[in-house]
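Sequence lines set the chain letters: A, B, ... in the order given, protein chains first and strands last, and positions in each chain run from 1.
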Amino acid sequence: MNGAKIVLKTLVDQGVDIIFGYPGGATLPIYDELFKQNKLKHILVRHEQGAVHAAEGYARSSGKVGVVCVTSGPGATNCVTGLADAYMDSIPIICLTGQVPTKLIGNDAFQEADTTGITRPVTKHNYLVKNVKDLEKIIHEAFAVAKSGRPGPVLIDLPKDVLNEEYNKYKGKSKIKEINFKPTTNLDAGLTKKVIQLILKAKKPIFYCGGGVINSGVEASKILTKLINKTKFPCTNTLMGLGCFPAIDKQFIGMLGMHGTYEANLAMHDSDLIIAVGARFDDRVTGNLSKFSPYAKKIHIDIDPSSINKNVKVDIALIGDVKKIINSIYIELIKKKSLLKFNNIEKWWNQINTWKKKNCLGYKKINYPIKPQYAIQRLYELTKDKDCFITTGVGQHQMWAAQYYKFNKPNRWMTSGGLGTMGYGLPAAIGAQIANPNKLVVDVDGEASFLMTMQELSTICQYKLPVKIFIVNNRWMGMVRQWQELIHGGRYSESYTESLPDFVKLAESFGIIGLKAERSTEVDKVIKEMIKIKKPVLLDMVVDQKENCFPMIPSGAAHNEILLGPEDQTDETINEEGMVLV
Amino acid sequence: MSNQKKEKHTISVLVNDEPGALARVIGLFSGRGYNIDSLTVAPVNLSKKHSRIIIVTSGTKIIIEQIIHSLERLIQVKKVIDLTSSNSTNERELALVKIIPKTNKVNLLKKTVKKYKAKLIFNNSRKYAFEITNSPSIINSFIIELNKIGTIDVSRTGLIAILKE
């Protein structure tokens with residue numbers, strides 16, 4: 001058995017059945033073995049970045065590890081963006097890269113790159129396999145590293161001679177040991193009691209939940225929902241956390257942060273107890289750190305000790321798996337039945353309901369042009385019974401999708417949160433569709449984001465994936481334009497998406513059905529048609545070019561300095577301190 | 001949080017002696033713009049293939065806490081100890097100093113060397129080389145004094161320390 005065969009057998013032992021990849025010189029031995037077997041299905045992407053995003057979409061929508069296989073040199077460097085994306089959003093990915101033969105490493109050989117060197121800062125861990133006898137062990141270890149603790153991408157660099165070398169001591173499935181890397185927890189009865197005390201005493205509490213809940217598994221979301229329902233506390237989710245607590249629950253007060261709801265941000269600002277669950281106090285969430293939630297005691301539940309006190313100093317840190325910690329708090333809390341009256345927070349809910357009356361997500365609906373918010377709202381209304389999976393690119397459309405699409409289950413929302421990778425949506429939708437073949441998968445994309453990875457239309461066509469591409473087309477890099485409007489005196493430097501293709505014809509050239517809408521009256525009709533067609537569809541939703549994304553906390557501002565609409569914009573909207581921030 | 005006082009900390013990092021381990025540890029500092037004032041690395045357990053990296057860095061209390069947690073997160077890192085905040089020995093360092101003394105200062109050189117308890121390890125007509133093991137600050141003053149005596153060349157190991165328990 002050669003190294004390449006060991007690679008594939010080990011993947012099968014790990015339960016892998018799908019690989020996203022692109023062949024090349026250094027990985028030819030792997031592709032030759034792939035040809036000879038039928039347990040692993042390979043999805044041929046059209047660019048290696050697409051392979052990683054597809055694997056991310058697969059992982060996030062299924063809870064499994066996504067696997068990528070690319071060649072050396074450019075194959076590996078093209079993966080860097082995807083790996084950085086997975087690293088920021090804590091997505092478990094195994095990336096197999098080909099490498100030139102060990103003898104040639106460092107010789108500037110054809111298609112050589114220092115892959116482990118280049119990817120070190122964007123992977124949780126990486127390996128250069130120098131000896132075929134280490135191969136099986138390293139691959140198993142890599143899966144354990146990718147899955148355990150705070151998940152992340154792991155890269156394995158495979159020199160071609162190692163892939164070709166014969167080795168007959170393959171151990172097989174029975175020898176896999178469950179390895180849990182660096183399990184850290186400080187969960188104890190004393191800490192749980194302190195948390196319960198704070199919960200019972202709080203008058204203005206809020207749950208602030210993030211992607212960590214989703215990474216902890218479907219069960220974690222269920223227990224969290226039970227806990228929050230039990231406490232009757234309001235809940236806000238981060239961009240990454242959408243779906244971990246049902247958006248239709250009346251305790252849900254919307255997403256928080258830069259484009260979060262008025263009520264969520266004001267509640268964070270005024271609260272006296274923040275319970276952060278699997279969230280990391282990201283700058284998009286906190287706004288100006290010195291003005292962040294000045295009155296609140298903070299409880300932080302996270303699996304990653306280095307996330308504690310990183311941006312915000314907290315009062316109690318509970319380190320460990322969200323599911324376990326939430327469960328122990330829940331069990332402790334229901335014991336305290338007699339104490340649970342919650343008269344405490346009635347006033348708080350009255351206050352929140354007053355904020356809600358601002359109707360911060362309101363907009364003026366007109367027939368022409370279509371308001372982007374309306375397009376997404378209708379998409380939600382017409383797909384809400386279909387257990388739909390949504391992916392996005394990055395920009396205004398992404399924020400509108402987060403604001404107007406209501407996610408009620410985890411693993412239904414795939415977006416590039418940390419890195420903010422334009423072009424994420426289309427390949428991620430491919431991955432999500434492959435993981436969920438009979439489900440409705442919609443890529444809510446911007447026209448500019450879409451153009452960055454649109455070569456994957458060819459992949460969609462090849463595998464007959466019924467992905468729906470919902471382009472919110474405002475002909476601008478909308479978020480760039482919005483900032484230029486707010487901060488740079490409306491000097492729209494290079495943010496107009498010039499020379500756009502005819503999207504319908506573009507889709508048709510790939511054998512994909514193209515639809516277009518320009519008036520609000522057409523919106524329902526085209527969305528229904530898009531859903532009805534059991535094939536890939538591209539929908540060009542031509543929307544208002546001038547619409548901006550509100551509410552907005554300008555950079556450098558605090559939660560209570562949120563702008564609700566264009567009427568709040570002034571020349572002094574953003575101070576000098578804010579201008580230097582991203 | 002950023003206006004807290006900066007302190008110097010010596011951190012001991014026990015790692016698996018594998019390719020890339022040192023690069024990951026160092027990359028964590030350079031990637032976040034943390035300074036490394038001194039660095040030593042050497043195998044300490046040959047059978048288990050463990051190496052110890054000792055790093056001197058400075059930062060506020062929160063930054064140091066961050067550095068330690070981030071180091072602990074690395075797969076190849078076995079154990080991280082903040083030697084400055086624990087009960088550890090004084091910091092020691094070894095330096096080799098080569099000197100060509102000015103002809104009229106050979107006697108002063110001998111006196112100085114005796115004062116600092118440095119060991120002669122090499123002598124070739126006009127060239128001398130000494131070995132000194134002491135705290136980094138005493139080594140600094142030794143070097144300053146020798147610099148006045150002649151032309152010098154210095155190699156230092158970087159400082160090390162160990163837990164008392």
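Of the two parts of A/Asn126, the backbone and the side chain both hold a non-hydrogen atom closer than 4.5 Å to a non-hydrogen atom of chain B. Proximity to chain B (any heavy atom under 4.5 Å) is restricted, for A/Ile308, to the backbone atoms N, CA, C and O. Proximity to chain B involves both the backbone and the side chain of A/Pro305, based on heavy atoms less than 4.5 angstrom apart. Of the atoms belonging to B/Ile63, not a single heavy atom falls under 4.5 Å from chain A.
For B/Asn104, the CG atom sits in a packed shell: over 12 heavy atoms of surrounding residues, nucleotides or ligands are nearer than 6.0 Å. Within 6.0 Å of the NZ atom in B/Lys105, the count of heavy atoms belonging to other residues, nucleotides or ligands exceeds 12. For A/Lys323, the NZ atom is loosely surrounded, since the number of other residues' heavy atoms within 6.0 Å does not exceed 12. No more than 12 heavy-atom neighbours from other residues, nucleotides or ligands sit within 6.0 angstrom of OH on A/Tyr295. Atom CG of B/Asn90 sits in a sparse spot, with 12 or fewer heavy atoms from other residues, nucleotides or ligands closer than 6.0 Å.
Scanning residues 15-47 of chain B against chain A with a 4.5 Å heavy-atom cutoff picks out B/Gly20, B/Ala23, B/Arg24, ordered by number.
In this structure, NE2 in B/His69 is found 7.5 Å from CG in A/Asn309, a value given to the nearest 0.5 Å. Put simply, CG on A/Asn311 and CD1 on B/Ile62 are 10.5 Å apart, with the number rounded to the nearest 0.5 Å.
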Margin query: Does A/Arg150 form a side chain to side chain contact (heavy atoms under 4.5 Å, CB included) with B/Arg73? I'd like the steps, not just the answer.
Written below: CA-CA 9 Å; A/Arg150 177 175 177 177; B/Arg73 213 166 76 161; 3.3 Å; yes
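Contacts with chain A were tallied for B/Val77, B/Leu71, B/Ile68, B/Ile75; B/Ile75 has the most, counting heavy-atom pairs under 4.5 Å.
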